[in-house]
S.K.: 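Sharing a structure below in structure tokens format, with a few things to ask.
Hydrogens, waters and symmetry mates are skipped; everything else that's a heavy atom, side chains included, is used.
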Amino acid sequence: DLKNLNDDKVVFNFNDLFARYTTHNIITIIFSIESDCFDDPNNIFRKMSAKFTESSTRRHFMDIFSFLIPNIHQALSIFQVKMVTPEVNDFMLSIVKKVVKHREETNCERNDFMQLLMQLKTTGLGSKKSGDANINSAQGQKITIDELAAQVFVFFVGGEFLPNIF
């Protein structure tokens, strides 16, 4: 995204480049799917990331209360107040369900984050392959599809905020 100001100056938005690069890598690591974040300005993952990070009075209010009262999420869940917009939540849950369904129906295994989470969903914590006594003590605890989606969302958001640090 180069913008010519005049003949001798060029402005380049590195923040946008890093965000696109990070989104591309996060999506590849989580889902093992190609996401054209560089060439497609309307990429759905970039749009959802922007929706999650967009500034609003409600968002600022929730962030302040989350900082001041760390357990506010539990109290707000009683009143069904969500930290994430329904659109972003539904998108992430939908993508996760589609990927899990496809992989389970086709017996497709990939070497990615989603595969690890799917193993936790089907076999639970501490599978027989592990020799760690601490992990084996938790054997049988399986995660739900919602918990799986939550882990994906945390990984996605964490990766999306990384370029903003620099």
S.K.: Give, for atom CD1 of Ile143 and atom NZ of Lys121, the distance between the pair rounded to the nearest 0.5 Å.
M.R.: 8.5 Å

S.K.: Where do Leu120 and Leu148 land on the side chain to side chain contact (heavy atoms under 4.5 Å, CB included) test, with the steps shown first?
M.R.: CA-CA 8 Å; Leu120 287 174; Leu148 190 150; over 6 Å; no

S.K.: To the closest 0.5 Å, what do you measure between CG (Asn107) and NE2 (His102)?
M.R.: 10.5 Å

S.K.: Name all residues meeting the side-chain hydrogen bond (donor to acceptor under 3.5 Å, both in side chains) criterion together with Thr23; count only those two or more places apart in sequence or in a different chain, and write none if there are none.
M.R.: Arg46, Glu160

S.K.: List in chain and number order the residues that pass salt bridge (charged side-chain N to carboxylate O under 4.0 Å, His left out) with Lys97, two or more places apart in sequence or in another chain; answer none if no residue qualifies.
M.R.: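 Salt bridge (charged side-chain N to carboxylate O under 4.0 Å, His left out) check on Lys97 returns nothing, list empty.
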
S.K.: If you round to the nearest 0.5 Å, how far is CD1 of Ile33 from CD1 of Ile27?
M.R.: 6.0 Å

S.K.: Quick one: list whatever passes salt bridge (charged side-chain N to carboxylate O under 4.0 Å, His left out) with Glu147, sequence neighbours left out.
M.R.: none

S.K.: Measure the CD-CZ distance between Gln151 and Phe156 for me, rounded to the nearest 0.5 Å.
M.R.: 15.5 Å

S.K.: Which pairs of donor and acceptor atoms, one on a side chain in residues 86-93, lie under 3.5 Å apart (sequence neighbours left out)?
M.R.:
unit_1, atom_1, unit_2, atom_2, d
Glu87, OE1, Lys51, NZ, 3.4

S.K.: Compare every heavy atom of Met114 with every heavy atom of Val96, then report the nearest pair and how far apart it is.
M.R.: CG2-CE, 4.2 Å

S.K.: Let me see the working for Cys37 and Tyr21 under side chain to side chain contact (heavy atoms under 4.5 Å, CB included), right down to the final yes or no.
M.R.: CA-CA 7 Å; Cys37 296; Tyr21 175 76; over 6 Å; no

S.K.: Please answer whether the main-chain N or O of Arg110 pairs with a side-chain N or O of Gln115 as donor and acceptor at a distance below 3.5 Å.
M.R.: yes

S.K.: May I ask you to test the Glu105-Lys101 pair for a side-chain heavy-atom distance under 4.5 Å?
M.R.: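 Glu105 vs Lys101: side chains touch.
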
S.K.: Keeping Lys142 on the side-chain end and Thr122 on the backbone end, is there a donor-acceptor pair under 3.5 Å?
M.R.: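 Confirmed, Lys142 side chain pairs with Thr122 backbone.
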
S.K.: Any chance you could measure Leu17, atom CG, to Thr22, atom OG1, to the nearest 0.5 Å?
M.R.: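 These two atoms lie 9.0 Å from each other.
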
S.K.: Should Ile95 and Ile44 be regarded as members of a common hydrophobic cluster, given that ILVMFWY residues are connected when their side-chain heavy atoms come within less than 4.5 Å of each other, either directly or indirectly?
M.R.: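 As far as the 4.5 Å side-chain criterion goes, Ile44 and Ile95 are connected within one cluster.
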
S.K.: Could you measure the distance from the CD1 atom of Ile29 to the CG atom of Asn111? Nearest 0.5 Å is fine.
M.R.: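 Output value for this atom pair is 11.0 Å.
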
S.K.: With sequence neighbours left out, what residues match Phe155 under ring-ring contact (aromatic ring centres under 6.0 Å, His included)?
M.R.: Phe113

S.K.: For the CZ atom on Phe38, are there more than 12 heavy atoms of other groups (residues, nucleotides or ligands in this structure) within a distance under 6.0 Å?
M.R.: yes

S.K.: For Phe31, check ring-ring contact (aromatic ring centres under 6.0 Å, His included) against everything at least two apart and list the hits.
M.R.: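 If we apply the ring-ring contact (aromatic ring centres under 6.0 Å, His included) test to Phe31, skipping adjacent residues, there are no hits.
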
S.K.: Going by heavy atoms in the side chains, are Thr28 and Ser35 under 4.5 Å from each other?
M.R.: no

S.K.: Taking side-chain hydrogen bond (donor to acceptor under 3.5 Å, both in side chains) as the test, write out the residues that go with Lys98, two or more places apart.
M.R.: none

S.K.: Please identify each residue that fulfils side-chain hydrogen bond (donor to acceptor under 3.5 Å, both in side chains) with Asp112, with sequence neighbours left out.
M.R.: Ser32, Arg103

S.K.: Return each pair, listed once, that meets salt bridge (Lys or Arg N to Asp or Glu O under 4.0 Å) where at least one residue sits in residues 26-43; pairs must be two or more places apart or across chains.
M.R.: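 Qualifying pairs, neighbours excluded: none.
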
